[in-house]
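Just so you know, residue 1 is the first one in the sequence shown, and it goes up from there.
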Amino acid sequence: HEHPTVLCVDDNQSIWYSTITSSGMGTGLHRYDRTPDYFKHYLTEIKGRPTVVYSIFMDINNNLLIGTQGSNYIACVREDGKISKFNELNQAEGLSARHARRIIADSSGIWLGYMQNRLDYYDYKRKVVSNVFLRKESDNTEEPFGFRSLLRDSRGNLLVGTIGLFLYTP
């Protein structure tokens, strides 16, 4: 049996979702359209391993940004179905950050929260990704600071769910 983990509905009412098996193995990204009846798998494997999808986000250009386990980039699925890389980290950055865990937007851009120690921001106008938070492993901390959940409040602050709840004021 497969269990849905992350869901997103695009402007065309396509349902995009990820699933894991009862044993915890990822089965990638799936797209389902009710009319006409259409189903397709994407990203079933990355680097020869089953894909666990942690985040699905639709950007203002109708591209899906997908954060997957063990990947040093965010997969970008365009409307035509082609897949490209977005915000690819170098090897050292990828090992430290692990993978994109949460992706959310505000009126000016996209927040990219990683599993460990990293928060990036993509500015729509400048078309540039900037690192907002980076904690190096040499900071001698007991647990990595992960961005497992992100939420913008009505005042423009970013609520970060990790090993607690933190408030970030950009």
Side-chain angles (χ1 to χ4, degrees), residues 3-20 26-32 42-43 46 51-79 81-90 93-136 141 143-170:
H3 308 282
T5 57
V6 184
L7 299 164
C8 178
V9 178
D10 68 20
D11 292 342
N12 297 320
Q13 301 303 304
S14 295
I15 300 169
W16 296 84
Y17 63 100
S18 65
T19 56
I20 59 170
T27 58
L29 175 69
H30 316 287
R31 175 183 168 192
Y32 175 69
Y42 297 82
L43 302 171
I46 293 180
T51 305
V52 177
V53 174
Y54 284 112
S55 55
I56 303 172
F57 174 77
M58 178 70 62
D59 73 9
I60 61 173
N61 298 313
N62 292 322
N63 297 311
L64 277 178
L65 301 179
I66 312 297
T68 60
Q69 182 179 35
S71 181
N72 66 331
Y73 61 88
I74 296 168
C76 178
V77 181
R78 298 191 320 237
E79 277 191 289
K82 293 187 179 176
I83 300 172
S84 61
K85 295 178 181 180
F86 177 75
N87 200 37
E88 187 171 10
L89 304 177
N90 67 38
E93 292 169 333
L95 286 173
S96 176
R98 304 236 347 242
H99 54 265
R101 185 65 186 227
R102 284 294 170 257
I103 305 170
I104 67 168
D106 61 23
S107 60
S108 302
I110 303 170
W111 293 94
L112 309 164
Y114 287 81
M115 180 68 179
Q116 292 184 174
N117 306 324
R118 186 181 188 97
L119 178 65
D120 290 345
Y121 186 74
Y122 174 76
D123 186 294
Y124 289 137
K125 287 183 184 175
R126 295 179 34 230
K127 298 184 180 189
V128 173
V129 176
S130 302
N131 179 251
V132 178
F133 176 91
L134 179 64
R135 187 170 82 183
K136 298 185 175 17
T141 55
E143 291 191 37
F145 191 91
F147 295 88
R148 288 172 174 77
S149 56
L150 299 172
L151 177 71
R152 288 299 298 251
D153 70 13
S154 61
R155 296 181 182 137
N157 298 311
L158 189 65
L159 297 168
V160 178
T162 183
I163 52 174
L165 184 62
F166 295 87
L167 179 69
Y168 174 73
T169 306

Engineer: Between Leu89 and Arg118, is any pair of side-chain heavy atoms under 4.5 Å apart?
Structural biologist: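 Yes, close enough: below the 4.5 Å cut-off.
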Engineer: Verify the distance criterion only: is there a donor paired with an acceptor across the side chains of Tyr124 and Asp106 at less than 3.5 Å?
Structural biologist: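 Result is no, nothing qualifies.
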Engineer: What heavy-atom pair brings Ala75 and Ile83 nearest, and what distance separates the two atoms?
Structural biologist: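 Shortest heavy-atom separation between Ala75 and Ile83 comes out as CB-CG2, 4.3 Å.
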Engineer: Strictly distance-based, threshold 3.5 Å: is any side-chain N or O of Asn61 a donor or acceptor partner for the main-chain N or O of Asn63?
Structural biologist: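 The answer is no, because no donor-acceptor pair under 3.5 Å joins these two groups.
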Engineer: Do you know the tightest heavy-atom contact between Arg126 and Asp123?
Structural biologist: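 Heavy-atom minimum between the residues: N-OD1, 2.9 Å.
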Engineer: Return the minimal non-hydrogen interatomic distance between Ala105 and Phe57, and the atom names on each side.
Structural biologist: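 For Ala105 versus Phe57, the nearest heavy atoms are CB-CZ, 3.2 Å.
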Engineer: Taking the six-membered ring for Trp, is the centroid-to-centroid distance between Tyr17 and Tyr32 below 6.0 Å?
Structural biologist: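 Aromatic pair excluded; centres sit 6.0 Å or further apart.
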Engineer: In sequence, state the C-alpha distance, the side-chain angles, and the governing distance for Phe133 and Phe147, and then conclude on ring-ring contact (aromatic ring centres under 6.0 Å, His included).
Structural biologist: CA-CA 10 Å; Phe133 176 91; Phe147 295 88; 5.6 Å; yes
Engineer: How about Tyr122 and Phe86: are their ring centroids closer than 6.0 Å?
Structural biologist: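 Yes, the ring of Tyr122 comes within the 6.0 Å limit of the ring of Phe86, centre to centre.
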Engineer: Between atom CD1 of Ile103 and atom OG of Ser55, what is the distance when rounded to the nearest 0.5 Å?
Structural biologist: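 Output value for this atom pair is 3.5 Å.
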Engineer: Is there a donor-acceptor pair under 3.5 Å between the side chain of Thr162 and the backbone N or O of Gly146?
Structural biologist: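 It does hold such a pair.
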Engineer: Tell me whether Glu88 contacts the main-chain N or O of Lys85 through its side chain, where contact means a donor paired with an acceptor under 3.5 Å.
Structural biologist: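 Such a contact is absent between Glu88 side chain and Lys85 backbone.
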Engineer: Once you round to the nearest 0.5 Å, how far does CG of Leu158 lie from OH of Tyr121?
Structural biologist: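 Between Leu158 CG and Tyr121 OH, I get 10.0 Å after rounding to 0.5 Å.
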Engineer: As an exercise, state the distance from CZ of Arg102 to CG of Leu112, rounded to the nearest 0.5 Å.
Structural biologist: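 Here the rounded value is 13.0 Å.
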Engineer: For residues Cys8 and Leu64, determine if any side-chain heavy atom of one lies less than 4.5 Å from a side-chain heavy atom of the other.
Structural biologist: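 SC-SC contact between Cys8 and Leu64 confirmed.
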Engineer: Nearest 0.5 Å, please: how far is CD1 in Ile74 from OG in Ser84?
Structural biologist: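 Between atom OG of Ser84 and atom CD1 of Ile74 there are 11.0 Å.
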Engineer: Report yes if the side chains of Trp16 and Asp10 come closer than 4.5 Å at any heavy-atom pair, otherwise no.
Structural biologist: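 When only atoms from C-beta onward are counted, Asp10 and Trp16 do touch, with a gap below 4.5 Å.
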Engineer: Will you find, in the side chains of Asp120 and Asn87, an N or O donor that is under 3.5 Å from an N or O acceptor?
Structural biologist: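 The answer is yes; a qualifying pair exists.
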Engineer: Quick one: does Val9's side chain get under 4.5 Å of Leu7's, heavy atoms only?
Structural biologist: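 No; the side chains remain at least 4.5 Å from each other.
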Engineer: Decide whether a cation-pi geometry holds between Arg101 and Tyr54; the criteria are a distance under 6.0 Å from NZ or CZ to the six-membered ring centre and an angle within 45° of the ring axis.
Structural biologist: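 Yes, cation above the ring, under 6.0 Å and within 45°.
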Engineer: State, yes or no, whether a side-chain contact exists between Gln69 and Thr51 at a heavy-atom distance under 4.5 Å.
Structural biologist: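 Gln69 does not reach Thr51 side chain to side chain.
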Engineer: Are His99 and Gln116 close enough, and set up right, to give a side-chain contact (heavy atoms from CB on, under 4.5 Å), and what steps lead you there?
Structural biologist: CA-CA 8 Å; His99 54 265; Gln116 292 184 174; over 6 Å; no
Engineer: Taking the side chain as every heavy atom from C-beta outward, state whether Ile66 and Val77 have any atom pair closer than 4.5 Å.
Structural biologist: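 Contact flag for Ile66/Val77 side chains = yes.
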Engineer: Judged by modelled atom types alone, do His30 and Thr19 share a side-chain donor-acceptor pair under 3.5 Å?
Structural biologist: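 Side-chain D/A pair, His30 to Thr19: present.
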Engineer: Keeping Asn62 on the side-chain end and Glu79 on the backbone end, is there a donor-acceptor pair under 3.5 Å?
Structural biologist: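 Answer holds: no.
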Engineer: Once you round to the nearest 0.5 Å, how far does CD1 of Ile56 lie from OG1 of Thr68?
Structural biologist: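 Spacing of CD1 (Ile56) from OG1 (Thr68) equals 11.0 Å.
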Engineer: Can you name the closest pair of heavy atoms from Gly113 and Leu119 and give their distance?
Structural biologist: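 Shortest heavy-atom separation between Gly113 and Leu119 comes out as CA-CD1, 3.9 Å.
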Engineer: When rounded to the nearest 0.5 angstrom, what is the spacing between CG in Leu167 and OG1 in Thr169?
Structural biologist: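 One finds 4.5 Å between CG of Leu167 and OG1 of Thr169.
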Engineer: Got Ile110 and Leu65 here, is their nearest side-chain heavy-atom distance under 4.5 Å?
Structural biologist: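 Side chain of Ile110 against side chain of Leu65, heavy atoms only: contact under 4.5 Å found.
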Engineer: Is there a donor-acceptor pair closer than 3.5 Å between any side-chain N or O of Asn12 and the backbone N or O of Ser14?
Structural biologist: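 Absent.
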